[in-house]
Amino acid sequence: EKLLPELPAKFPVPVLLVQHIPEGFSNNLALSLSGRCKLRVREAVIGEPVLPGTIWLAPGNRHMEVEGPLQKAKLKVHQGPLENFCRPAVDPLFRSVAQVYGSRVLALVLTGMGQDGLEGAKVGPYRVHLRTTWGAGAAGDAAFLDDGQATDGVVFHVDVDEAVLGLAQFFGEAEQV
């Protein structure tokens, strides 16, 4: 609601989004976000190329991954086993982007609790891992942050406003992109 609409129309990298939602809701969420975002928002489709200018949303009850060589990366969508009691889950996506993109990934977890994304973040040689908070001192946040520091990247614990500012600084202002 707050972060994605702030991304500039010329955002230079693809955005892959996993939201824990049941089957049947993801297409409507993609349509709703599309009306508020400068970037195109689509529900992930098997075999679609992963290109800048698009926010890809994992379909409800399906994991989303990236496969293929870096310059020809494509989406993979499947109904594999639940991970962290979730499908879609973040960990399959994190593992796959680590294989395809290596350290060319910025991981952002927007959640106040739960462990989804923790193991996947440990696999990736991400340059930065942002963990946002909805409320200070949540037990899940503290556990995730402590474990996340074992990754090869840098972990920052920020609120959503700081994440928006950080993304703008990380990728440059829209006029410079």
Side-chain angles (χ1 to χ4, degrees), residues 1-111 114-132 144 148 151-153 163 167 170-171 177:
E1 202 174 284
K2 199 171 193 177
L3 177 67
L4 297 175
E6 294 298 322
L7 297 178
K10 293 183 179 180
F11 199 62
V13 296
V15 176
L16 303 167
L17 174 65
V18 174
Q19 174 75 36
H20 298 148
I21 53 177
E23 196 165 8
F25 287 92
S26 49
N27 191 48
N28 287 337
L29 178 58
L31 289 171
S32 173
L33 287 171
S34 198
R36 295 182 301 205
C37 295
K38 298 170 190 95
L39 294 170
R40 183 174 70 150
V41 182
R42 297 204 39 199
E43 185 178 47
V45 176
I46 295 172
E48 287 275 353
V50 181
L51 301 170
T54 303
I55 299 170
W56 295 103
L57 176 66
N61 201 32
R62 302 282 188 277
H63 295 303
M64 176 174 62
E65 297 182 36
V66 177
E67 61 184 359
L70 178 64
Q71 300 303 324
K72 295 182 181 182
K74 295 183 187 248
L75 292 174
K76 177 180 176 183
V77 178
H78 61 92
Q79 199 170 19
L82 294 174
E83 291 198 34
N84 303 301
F85 308 101
C86 302
R87 187 176 48 232
V90 179
D91 281 337
L93 177 63
F94 278 5
R95 287 191 301 267
S96 70
V97 297
Q99 288 179 354
V100 174
Y101 296 104
S103 65
R104 300 174 62 160
V105 174
L106 175 71
L108 176 60
V109 177
L110 297 169
T111 185
Q115 298 295 310
D116 190 27
L118 174 62
E119 292 304 315
K122 289 178 180 178
V123 171
Y126 309 126
R127 294 192 314 198
V128 180
H129 178 97
L130 296 173
R131 167 106 172 147
T132 65
F144 194 107
T151 67
D152 291 336
L167 285 172
F170 189 79
F171 290 106
V177 175

Checklist line | Pairs touching residues 11-20 that satisfy salt bridge (Lys or Arg N to Asp or Glu O under 4.0 Å), sequence neighbours left out | finding: none

Margin query: Checking Glu65 now: which residues fulfil salt bridge (charged side-chain N to carboxylate O under 4.0 Å, His left out) with it, not counting sequence neighbours?
Written below: none

Check: Which residue pairs satisfy the ring-ring contact (aromatic ring centres under 6.0 Å, His included) criterion with at least one member in residues 22-47, sequence neighbours excluded?
Finding: none

Margin query: Any non-hydrogen side-chain atom of Leu4 less than 4.5 Å from a side-chain atom of Leu17?
Written below: yes

Side chains of residues 44-55: which donor-acceptor pairs under 3.5 Å do they make with residues two or more places apart or in other chains?
unit_1, atom_1, unit_2, atom_2, d
Thr54, OG1, Arg40, NE, 3.3
Thr54, OG1, Arg40, NH2, 3.1

Next item on the list: Please name all residues satisfying salt bridge (charged side-chain N to carboxylate O under 4.0 Å, His left out) with Arg87, sequence neighbours left out, ordered by chain then number.
Entry: none

Checklist line | Partner set under side-chain contact (heavy atoms from CB on, under 4.5 Å) for Ala58, not counting sequence neighbours | finding: Val18, Met64, Pro88

Item checked: For Val66 against Ala73, the heavy-atom pair lying closest together -> CG1-CB, 3.6 Å

Checklist line | Minimal non-hydrogen separation, Pro8 against Leu39, with atom names | finding: O-CD2, 3.5 Å

Checklist line | Selection residues 66-77 - residue pairs positive for side-chain hydrogen bond (donor to acceptor under 3.5 Å, both in side chains), sequence neighbours left out | finding: none

Check: NE2/His20 to CG/Asn84 distance, rounded to the nearest 0.5 angstrom?
Finding: 7.5 Å

Margin query: Gln99: which residues meet the side-chain contact (heavy atoms from CB on, under 4.5 Å) condition with it, sequence neighbours left out?
Written below: none

Note to self: According to ring-ring contact (aromatic ring centres under 6.0 Å, His included), does anything in residues 43-89 pair up with another residue at least two apart or in another chain? List the pairs.
What the structure shows: His63-His78

Check: For the atom pair OG (Ser32) and CG (Asn27), what is the distance rounded to the nearest 0.5 Å?
Finding: 11.5 Å

Next item on the list: Might you point out which heavy atoms bring Pro5 and Cys37 nearest each other, and give the distance in Å?
Entry: N-SG, 3.9 Å

Checklist line | Test item: Lys38 and Lys10 side chains (from C-beta on) under 4.5 Å apart, heavy atoms | finding: no

Next item on the list: For Pro92 and Ala89, work out which heavy atoms get closest and say how close.
Entry: CD-O, 3.4 Å

Next item on the list: Output the distance between atom CG (Asn61) and atom SG (Cys86), rounded to the nearest 0.5 Å.
Entry: 11.0 Å

Next item on the list: Could you tell me which residues satisfy side-chain hydrogen bond (donor to acceptor under 3.5 Å, both in side chains) with Asn28, sequence neighbours excluded, listed by chain and number?
Entry: none

